[in-house]
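Notes follow the structure.
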Amino acid sequence: MSSSTGAQNPFLEVRNLRVHFPTDDGVVKSVDDLSFSVERGKTLGIVGESGSGKSVTSLSVMGLHKRGTADITGEILLDGQDLVGLDPDAVRRLRGKRMAMIFQDPLSAMHPFYSVGSQIVEAYRVHNKVTKQVARKHAIDLLERVGIPNPKSRVDDYPHQFSGGMRQRAMIAMALSCDPELLIADEPTTALDVTVQAQILDLIRDLQAEFNSAVVIITHDLGVVAELADDIMVMYAGRAVEYSTAEDIFTNPQHPYTWGLLGSMPRLDRERTERLQPIAGSPPSLINVPQGCPFNPRCAYDALNGDLSTTERPEFRDVGGGHFIACHLSGEERTRIWENEIRPKL
Amino acid sequence: MNSKRLVTAVAAGAAVAMALSACGGSTGGNSGSGESGFNAALDKTLNPSEKKGGVIKIANAGTWDSLDPGETYYGYSWNFLRLYGRSLVMFKPAPGGASNELVPDLAEKLGEPSDGGKTWTYKLRTGIKYEDGTPVTAKDVAYAVLRSTDKETFPNGPAYFEGFLNLPEGYKGPYKTPDMDTSSAITTPDDQTVVFHLKEAFGGFDYMAQLPQTAPVPKAKDTGAKYKEHVLSTGPYKFDKNEIDKKFNLVRNDQWDQATDPNRKALPDGYEVEMNVNADDIDNRLINGDLHIDIAGTGVQPASLSRVLGDPSLKANADNPTIARLWYTSINPTVAPLDNIDCRKAIEYATDKTSYQTAYGGPFSGGDIATTIMPPLIPGQEKFDLYPAGADGKGDMNKAKEALTACGQPNGFETNIAYRAERPKEKATAESLQQSLARVGIKLTLRAFPQGDYFSQFAGNPPFVKANNLGLVVNGWGADWNDGFGFLSQIVDSRVIRETGGSSNTSVRIPEVDTMLDAAIAETDATKREAMWGDIDKRVMEEAVILPGVYAKSLLIRGKGLTNVFVSEAYGMYDYLALGAS
Amino acid sequence: MPATVITYIIRRLFAAVVLLFIVSMITFAIFFVIPKLGGGTPETLASRYVGRAATAETVRLTAERLGFYDPILVQYGHWLKGIFVGADYDYGPAVDHCPAPCLGYSFRTNQPVLPDLLDRLPVTLSLASGAAVLWLLAGISVGTLSALRKGSVLDRMSMGVALAGVSLPIFFTGLISLAFFSYQLGWTAPGGSYTPITENIGDWAYALLLPWITLAFQFSAQYARLTRAGMLETMNEDFIRTARAKGLVERRVVVKHGLRGALTPILTIFGLDIGLLLGGAVLTESAFSLKGLGQYAIDAIKNYDLPKVMGVTIMAAFFIVLANLVVDLLYAVVDPRVRTA
Ligand SMILES: Nc1ncnc2c1ncn2[C@@H]1O[C@H](COP(=O)(O)OP(=O)(O)O)[C@@H](O)[C@H]1O
Ligand SMILES: [Mg+2]
């Protein structure tokens with residue numbers, strides 16, 4: 001998309017990805033026709049409410065859906081190689097080595113019975129033929145790099161002996177153990193205290209600068225990616241609804257859903273009561289996605305389009321300068337609403 | 001309990017079936033002797049042979065009460081003990097009725113009575129030694145008998161000797177009263193002679209002399225309650241390894257001299273005995289040939305019974321002897337209205353004998369319908385039937401009703417019937433009686449009691465019987481030895497009843513019978529004596545205090561590869577002394 | 001940390017000793033109090049240990065010899081005294097001393113109880129340990145495979161067999177397998193076979209093979225079901241996803257990460273099972289005529305042999321307590337979270 005114009009060879013390129021889960025109640029269309037890309041050294045933020053298909057997307061990239069449960073079509077190109085339909089063992093060999101992932105809850109994501117160090121060592125030794133001692137040294141270095149104090153002794157601690165923030169640091173160390181070129185962080189700070197959140201985000205930014213990898217940060221909170229992402233993709237009901245540079249998204253958002261996300265974004269400079277205006281209503285069922293615009297039932301401006309929002313699905317299109325949106329509203333109305341109704345309240 | 005039994009039965013049945021299919025083809029037409037077949041070993045010797053060698057493998061589903069000749073009281077143990085112990089007299093190792101004959105063993109000949117049967121003298125054979133080479137003397141016999149009277153040390157053994165010997169007042173055996181003079185009871189005028197002095201005349205003293213308690217024990221080697229761990233043999237075999245309650249081995253005793261012993265052939269080289277073996281597994285192993293003898297000699301398990309009877313090739317290797325045991329029901333005259341003889345007679349008449357027999361497993365595993373107290377194999381038994389049960393054996397309703405009317409209970413009455421909770425056959429008996437007596441209006445209520453305390457606390461405890469209206473008590477008795485005294489003395493003598501409980505005689509209190517018993521006991525002429533037992537039997541039956549059920553039978557499997565196989569009537573099982581292993 | 005572990009163990013052992021005393025008191029009380037409630041007297045109790053048609057005098061002497069005329073507490077005191085200072089036993093010509101800890105002498109056979117128990121322990125130990133190895137191997141592997149192929153033919157078949165294993169009693173499977181494998185095919189040893197491992201390890205294994213398999217068959221069923229349930233749960237844990245994200249091969253994910261997590265509940269059940277079995281694998285020992293503790297227990301109970309009952313009860317209770325302690329300690333080895341807690 002935006003990156004494809006101009007830049008050469010994005011490290012990760014996803015084209016027309018569809019991830020459908022056949023269930024007893026019907027087919028769950030968790031991801032429906034999604035396309036995006038990330039270059040080395042760049043950070044993509046994927047933002048959306050819970051249930052919008054962010055994790056399903058990232059797990060598809062990592063090849064972590066359970067065999068036989070997910071129906072995946074489209075293309076997932078990692079450095080040009082299509083992972084969809086690739087031999088599962090070949091994908092496994094890429095996992096942890098060329099692409100790595102950090103999960104939301106570092107406590108449940110780490111095995112409670114093994115020491116932090118041994119879990120990092122294991123991650124390193126899957127892809128590197130080194131002795132345990134060498135791997136252990138590497139683990140200590142990594143722990144030091146992610147800011148664990150006293151790593152030489154903490155390396156033998158168990159996950160439950162770490163604080164939440166330290167656990168996530170350790171998870172990051174584990175993910176970075178093989179210098180992956182792609183790092184996907186799925187809600188890396190959601191389970192953490194606000195103060196710790198900032199530290200972890202700083203760490204990710206520093207590390208990206210250092211390792212020059214492509215980073216995908218997934219979050220339901222626009223604030224998280226505000227200072228981190230180069231580009232931002234806003235997802236709703238398994239689809240992208242807005243895509244642009246981070247700056248663009250914050251200064252000139254074009255989609256009513258993005259406005260809602262911005263409205264509910266916590267900001268440190270405002271009073272608690274004024275902030276947080278969660279978007280009314282809830283996301284649609286992914287089994288029977290409504291005709292027309294999926295956001296329509298919750299949209300405050302759908303009346304402006306007559307019946308259009310209920311009958312026709314808005315196309316995801318470039319509205320200028322690589323800014324993509326899927327909305328029936330006309331450019332003037334969007335500008336008017338943003339300038340007059342939304343921005344003043346933020 | 002019931003479902004477990006069922007499962008066991010099914011399992012054993014299936015197991016036997018498998019074993020059958022395995023050997024059915026190969027051994028089906030095994031001829032050779034041409035004389036085997038069902039019940040073939042009842043009255044003749046099967047596979048006669050003089051060939052020595054081999055080891056006989058024996059299993060016991062339970063354990064011995066004691067291997068000490070002074071303390072053991074199990075029939076199979078007496079049968080088996082003759083391999084390692086020689087008592088003064090023994091039952092002749094011969095098939096069928098001949099086995100009831102007493103023959104001298106340690107003694108040169110049977111006992112010589114004097115003083116009208118109060119004194120009995122035995123002369124020992126010369127040249128008999130213990131396994132360690134020490135010669136056996138008359139003193140050892142006297143010592144063995146005396147030590148066996150110490151019932152604090154040997155509580156399991158029979159108590160005939162202390163009952164009959166003229167022991168001094170307060171005698172407690174050689175351990176506790178070592179210095180007491182016992183010459184009033186036993187004397188040994190020389191090393192080969194032992195003389196017993198009785199309180200009263202006892203005509204059948206030779207039966208007592210065949211008890212293992214007269215097998216000699218050397219005082220120097222006696223270890224009291226621990227002697228059973230290493231009994232000194234006088235027979236052809238001695239203990240090699242002996243692990244109490246687990247297993248032991250018998251090997252040849254080189255000090256035993258065939259010249260001193262006309263009764264033993266000592267064919268096998270040894271015996272291997274295992275205890276606490278699963279009873280169903282014993283049957284399977286017997287059928288399969290992995291085992292020679294189920295030593296308890298009480299017959300196959302219920303699970304194997306129909307298998308053996310239903311399969312001709314198995315049945316041809318089985319015997320179904322009658323044994324000296326009566327399954328009966330006591331009718332207690334201490335419980336009203338059974339204090340009236342006509343009410344007791346009504347019960348005798350109304351009983352469905354065929355159904356009683358079925359309760360015990362039918363004619364093969366149960367036995368024959370009984371009309372007397374003494375089973376037919378007891379010398380002196382007379383066949384009579386005071387309360388005929390009709391042509392079909394289902395009871396005589398008219399006679400029963402007449403008796404009830406005579407008793408003043410024309411519409412019947414109510415009473416309780418006791419049985420041992422652990423014994424399904426006794427429960428079936430109680431139910432059978434409940435049904436048959438109901439036909440004349442006698443209503444029975446079933447009362448189950450634990451067998452461990454059945455006689456001591458419940459059915460054999462007179463105050464309890466009375467207080468709980470136990471009009472009927474399901475009962476059974478086996479003879480200590482096959483004569484009237486052995487069979488009758490414990491169940492028809494009113495003097496064995498204890499107010500504190502513990503006797504299996506719960507219903508017979510007839511002073512006249514006590515007198516008759518004393519007279520028979522004193523009689524030294526065997527023929528006269530035997531006739532007297534028959535009279536006692538009849539006299540007790542006239543009082544209708546015992547309801548005979550069945551003369552017990554058992555179904556025995558002949559071990560494969562055994563020679564000289566025959567059933568000894570004296571023991572009601574295979575004779576263990578004569579067997580050989582080819 | 002070792003010091004705290006040691007104090008923990010000592011505390012637990014002390015509690016165990018207290019428990020054993022309570023168990024012994026209850027057993028003792030059951031033996032004496034229940035017959036008493038039914039109107040029993042010292043003589044009625046003693047009449048269980050005499051031969052048939054015993055005289056009243058024999059019964060009285062036996063009651064006296066066994067101490068039944070003493071108050072129950074005094075009798076219990078004698079038993080306790082035997083444990084701490086030993087006991088004397090008059091066997092007729094002389095007196096035997098049974099050194100502490102003395103669990104008394106059998107009422108029926110006059111054999112000292114403790115040597116008998118120790119003599120039988122290796123049999124039960126051999127039976128239980130061999131079977132345990134088999135059922136753990138079989139149960140865990142079948143359970144794991146079923147979990148990984150949930151709903152497959154293999155899963156349904158093995159769970160069906162597992163159900164059969166749980167519901168078929170050892171009486172049945174034991175006797176059938178003896179008749180078939182030992183007597184018909186001659187592959188395995190006949191009932192009652194046992195050779196101590198110290199004598200010949202090959203014979204030991206040969207003799208016990210069938211009892212092991214029979215016993216293990218019943219238990220593996222339960223363990224397969226447990227493992228399957230545990231694996232189904234664990235394989236949905238986040239840390240499994242992490243393990244996969246590292247690029248681990250699936251077998252390592254399943255065994256090192258999945259199974260390890262699923263094993264803790266199995267450890268608990270295993271502790272209970274092995275503790276119970278060491279107290280005597282009653283049904284197996286009786287089906288295969290093995291002279292172990294279970295068989296001893298049956299024999300003791302059948303004969304109302306109080307000292308034997310007491311001995312084997314204490315032994316069984318001891319093993320249950322011990323197995324629980326070992327499991328708790330193992331828990332700390334398996335799960336580091338328990339260690340610091
Ligand atoms: N294995 C699955 N089977 C069926 N539905 C699934 C599965 N995984 C995820 N989903 C559904 O897909 C939708 C998107 O989930 P997810 O990607 O986890 O959302 P989020 O954006 O919060 O990460 C949800 O409605 C979820 O229920
Ligand atoms: Mg998510």
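Chain letters run A, B, ... following the sequence lines, proteins first, then strands; residues in each count from 1. What you are looking at is a predicted structure, and each value in this text was computed from that prediction instead of being measured.
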Among residues at least two apart in sequence or on other chains, which ones pass side chain to side chain contact (heavy atoms under 4.5 Å, CB included) with C:P122?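 Listed in chain order: C:Y194.
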Give, as side chain, backbone, both or neither, the part of [X] having an atom under 4.5 angstrom from any heavy atom of chain C.
X      : value
B:E229 : side chain
B:D245 : both
B:S504 : neither
B:E152 : both
B:T63  : side chain

Region of C:Y296 in contact with chain B, defined by heavy-atom distances below 4.5 Å: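 Neither part.
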Against chain B, label C:Y49 side chain, backbone, both or neither, depending on which of its atoms sit under 4.5 Å from a heavy atom there.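 It is the backbone, since no side chain atom gets that close.
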Any side-chain heavy-atom pair of [X] and [Y] under 4.5 Å:
X      : Y      : result
C:S47  : B:Q457 : no
C:V59  : B:R498 : yes
C:Q295 : B:V277 : no
C:S289 : B:E274 : yes
C:L175 : B:D281 : yes
B:K226 : C:D96  : yes
C:Y91  : B:T223 : yes

So C:L178 and B:N284, side-chain contact (heavy atoms from CB on, under 4.5 Å) or not? Walk me through it. CA-CA 9 Å; C:L178 263 181; B:N284 287 344; over 6 Å; no
Who in residues 102-117 of chain C is close to chain B, using a strict under-4.5 Å heavy-atom cut-off?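 The stretch touches chain B at C:R108, C:T109, C:N110, C:Q111.
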